[in-house]
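The sequence lines fix the lettering, A, B, ..., with proteins before strands; numbering per chain opens at 1.
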Number of protein chains: 2
Amino acid sequence: MVSPSVKDVAALARVSIGTVSNVLNRPEIVSPDTVERVTLAMEKLSYVRNEAARQLRVGHSNALGLITLSGSNPFFTELTTAAEDSAASAGYSVIAGNSNEKKDRESGYLNLFEELRVRGVLISPVGNVVPRLRRMRQRGIPAVLVDRVSNDLSFSSVSVDDVAGGALAVTHLIESGRRRIAVVGGPTEIRQVSDRLQGARQAAAAHPGVTLEVIVVNGLTVQEGRRAGEAIVERAPSARPDGIFAANDLLAIGLLQALNMQGEIAIPDEIALVGYDDILFASASVVPLTSIRQPSRLIGETAVQILLEEAEDPDLEPRQILYQPELVVRASSASAPPA
Amino acid sequence: MVSPSVKDVAALARVSIGTVSNVLNRPEIVSPDTVERVTLAMEKLSYVRNEAARQLRVGHSNALGLITLSGSNPFFTELTTAAEDSAASAGYSVIAGNSNEKKDRESGYLNLFEELRVRGVLISPVGNVVPRLRRMRQRGIPAVLVDRVSNDLSFSSVSVDDVAGGALAVTHLIESGRRRIAVVGGPTEIRQVSDRLQGARQAAAAHPGVTLEVIVVNGLTVQEGRRAGEAIVERAPSARPDGIFAANDLLAIGLLQALNMQGEIAIPDEIALVGYDDILFASASVVPLTSIRQPSRLIGETAVQILLEEAEDPDLEPRQILYQPELVVRASSASAPPA
DNA sequence: GTGAAAGCGCTAACAA
DNA sequence: TTGTTAGCGCTTTCAC
């Protein structure tokens with residue numbers, strides 16, 4: 001009914017529990033035939049180490065905590081998978097949670113991670129978590145910000161240049177002849193959103209005669225995109241934008257559904273559309289979606305690497321890694337603008 | 001540098017550590033002003049309980065383990081979110097991993113979960129894990145199979161009737177006039193795949209004059225779907241099926257890309273297409289996808305509930321919950337068959 | 001209502 | 001090379 005412990009293994013192998021522990025942790029210092037005997041005993045008993053006991057003793061766990069903004073956004077699932085792979089090859093596991101952009105879910109996970117004494121945390125923050133992270137770091141749990149730069153640069157971060165991405169998207173719309181640009185995104189407290197918006201503004205400002213309208217939504221979901229699209233459909237044609245930049249692909253897909261599938265507005269003829277993230281489905285949507293690609297796997301891998309280095313040496317200087325995004329042109333923005 | 005313990009809290013509040021533990025676990029048995037003093041001390045120190053120590057003492061953790069087949073399949077991400085929500089409202093957290101249909105990743109997670117002494121595991125199995133699960137159950141860790149029924153019914157399971165789903169899909173194709181049906185799916189070791197295939201066979205057999213071809217692929221991914229689609233494009237038109245049932249939506253989307261976007265084959269005019277899972281993107285794909293919907297959230301919630309009941313009372317009889325899938329008709333199968 | 005103390009399973013320091 | 005032992009932080013009797 002209960003699991004065997006080192007004691008049981010020791011008894012069966014006729015050695016002390018210290019020796020059992022040694023074959024578990026430093027087999028090289030114990031004689032080959034003792035290793036053999038102990039290993040055999042472990043197999044016979046199907047011994048599985050009690051991680052809680054190990055952890056209590058050594059002071060921290062073998063897990064990394066990861067908090068992303070959304071579990072349904074493929075950008076984050078790719079990042080998560082990459083982080084898991086990197087961590088695994090260094091002997092760590094990762095406990096992944098997503099805040100769904102809710103501050104209380106976020107702090108719930110931080111609580112959990114601190115109770116678990118994880119080795120470090122990767123986080124794409126929603127709320128103002130820096131003070132909390134600072135306290136955790138003082139207690140030996142480092143953190144790396146993912147897809148977000150800390151204001152005061154006191155934490156390492158791995159992110160993509162969202163301002164450049166926003167500018168890239170809107171510049172592309174302008175260069176393909178659009179003049180009345182709308183940006184759809186929100187909530188603006190999310191740094192990624194406000195940065196992309198800022199880039200959009202810069203690009204618009206650099207081109208005289210271009211107007212930029214901001215449509216704020218409550219989340220980066222297909223549903224919110226659909227809602228925003230329905231509002232645009234209801235407008236008089238002359239009041240509609242001729243180019244839309246959506247702050248992520250899920251929003252863009254929602255917009256596409258509302259604009260195109262109700263048969264009202266042709267994409268890209270009447271309105272050109274650009275998304276963000278270049279998720280797997282971007283190329284498979286009703287109209288293949290022009291998008292901004294982020295190196296999601298690379299971000300996850302780099303973040304884990306930096307985190308583990310900081311866990312090893314807490315006095316390392318924080319580093320800010322900034323990757324550049326890339327424009328991927330598809331049908332949703334390909335054709336000429338309306339006459 | 002290190003975290004405060006109950007000892008520190010006790011010292012600050014001028015009580016014994018036993019009392020601190022009591023306000024943590026049974027505050028009702030300690031006097032209100034002591035609770036107050038201790039709570040204050042905890043806040044002052046930002047005390048966070050050491051979960052490993054608690055767990056070592058009580059014998060098991062507050063976490064549930066969950067292993068799904070794929071992290072990029074929205075069916076599983078929805079199921080996972082639902083499981084997390086259910087678990088959270090019962091005071092549990094869930095550690096989610098995905099096997100990517102790899103046996104060694106699967107057993108890696110089972111190892112991890114057993115080392116962690118999770119309260120129970122939810123698993124959508126790839127390999128032959130039943131013996132392993134049996135051993136874990138003997139040691140007090142129950143398991144519930146998700147989206148899969150155990151052969152010997154010794155474990156509870158929550159699943160959808162995949163045979164019925166496969167039949168539903170193919171019957172729909174036949175009733176909309178198709179006669180040369182192809183089923184795309186694999187690997188066939190995955191029970192969901194073989195069940196859907198079996199349902200497809202039954203439906204075909206029930207309709208004289210209908211032929212059924214099985215195209216086996218190596219995984220349920222967009223990429224594999226694209227590969228299968230390319231092979232179909234290369235065939236002589238008369239050798240192509242006029243209806244395809246894909247074992248999941250990711251495959252169907254890949255097929256869609258290969259068939260439709262190369263401009264070769266019209267969907268649904270030349271080939272009608274039915275997917276499985278009704279993921280969020282099914283309605284947003286190049287041609288909105290007819291699909292079989294599974295109650296993913298319901299599955300996750302029910303599975304957690306049963307698992308927690310079994311954790312409470314190990315002698316409960318295993319239960320098999322079988323939900324029925326539902327056909328959702330969209331454009332990819334809507335029009336008339338070829339003349 | 002509160003305190004004292006045992007012990008969960010493990011690792012690591014030290015002794016033999 | 002192997003054995004002995006202290007102690008990680010917590011919960012839970014059992015006295016008081």
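Under the 3.5 Å distance criterion, the side-chain polar atoms of B:Arg117 are matched with a main-chain donor or acceptor of B:Glu114. A:Ser89 places a side-chain N or O within donor-acceptor distance of the main-chain N or O of A:Ser86, the cut-off being under 3.5 Å. When atom types are taken as modelled, the side chain of B:Gln192 and the backbone of B:Asp147 share a donor-acceptor pair closer than 3.5 angstrom. Of the possible donor and acceptor atoms, none in the side chain of B:Glu301 sits under 3.5 Å from a partner among the backbone N and O of B:Ala82.
With rounding to whole Å, A:Asn22 atom CG is found 9 Å from C:dA12 atom C1'. As rounded to whole Å, 9 Å separates atom P of C:dG9 from atom CZ of B:Arg117. In this structure, A:Leu45 places its CG atom 15 Å from C1' of C:dG9, rounding to the nearest Å. To the nearest angstrom, C1' of D:dT1 lies 19 Å from CZ of A:Arg14. The interatomic distance linking A:Asn62 (CG) with C:dT11 (P) rounds to 11 Å, in whole Å. With rounding to whole Å, A:Glu115 atom CD is found 10 Å from D:dC10 atom P.
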Below 3.5 Å between N/O atoms, which protein atoms pair up with nucleotides 14-16 of chain C? Just atom names and distances, please.
none

Anything under 3.5 Å between a protein N or O and an N or O of nucleotides 5-8 of chain D, put it in a table, one pair a line.
{"unit_1": "D:dG7", "atom_1": "N2", "unit_2": "A:Arg57", "atom_2": "NH1", "d": "3.1"}

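Across all strands shown, A:Val20 has no heavy atoms under 4.0 Å from either base or sugar-phosphate atoms.
Between A:Ser5 and C:dG9 there is no side-chain N or O to OP1 or OP2 distance below 4.0 Å. Put simply, A:Thr19 has a side-chain N or O that comes within less than 4.0 Å of OP1 or OP2 on D:dG3. Regarding contacts with the backbone of C:dG9, every side-chain N or O of A:Tyr47 stays at 4.0 angstrom or more from both OP1 and OP2.
Overall, the helix from C:dG1-D:dC16 to C:dA16-D:dT1 carries an axis bend of 40° between its ends, with five pairs at each end and the value rounded to 10°.
Nearest to the side chain of A:Arg54, among C:dT11, D:dT11, C:dA4, sits C:dT11.
For A:Arg54 and A:Glu51, the salt-bridge test passes: some basic side-chain N is under 4.0 Å from an acidic carboxylate O.
Under the 4.5 Å side-chain criterion, counting only non-hydrogen atoms from C-beta, B:Val38 is not in contact with B:Glu43. The shortest side-chain heavy-atom distance between A:Leu79 and A:Arg297 does not fall under the 4.5 Å cut-off. Here the side chains of A:Thr81 and A:Phe76 are not in contact, with every heavy-atom distance at 4.5 Å or above. The side-chain heavy atoms of A:Arg119 and A:Leu307, taken from C-beta on, include no pair separated by under 4.5 Å. By the 4.5 Å heavy-atom criterion applied to side chains, B:Ser70 and B:Asn98 are not counted as neighbours. Annotation: side chain of A:Val158 is in contact with side chain of A:Tyr323 (closest heavy-atom distance under 4.5 Å). Residues B:Leu12 and B:Leu45 have side chains in contact (heavy-atom distance under 4.5 Å, counting atoms from C-beta outward).
Between B:Leu24 and A:Val15, the residue anchored nearer the 5' end of DNA chain D, judged by the nucleotide with its closest heavy atom, is A:Val15.
Take B:Glu189 and apply the salt bridge (charged side-chain N to carboxylate O under 4.0 Å, His left out) test, not counting sequence neighbours, and it matches no residue. The side-chain contact (heavy atoms from CB on, under 4.5 Å) test applied to A:Asp104 returns A:Lys102, not counting sequence neighbours.
DNA chain D is contacted by B:Asn25 of residues 25-43 of chain B, taking any non-hydrogen atom closer than 4.0 Å.
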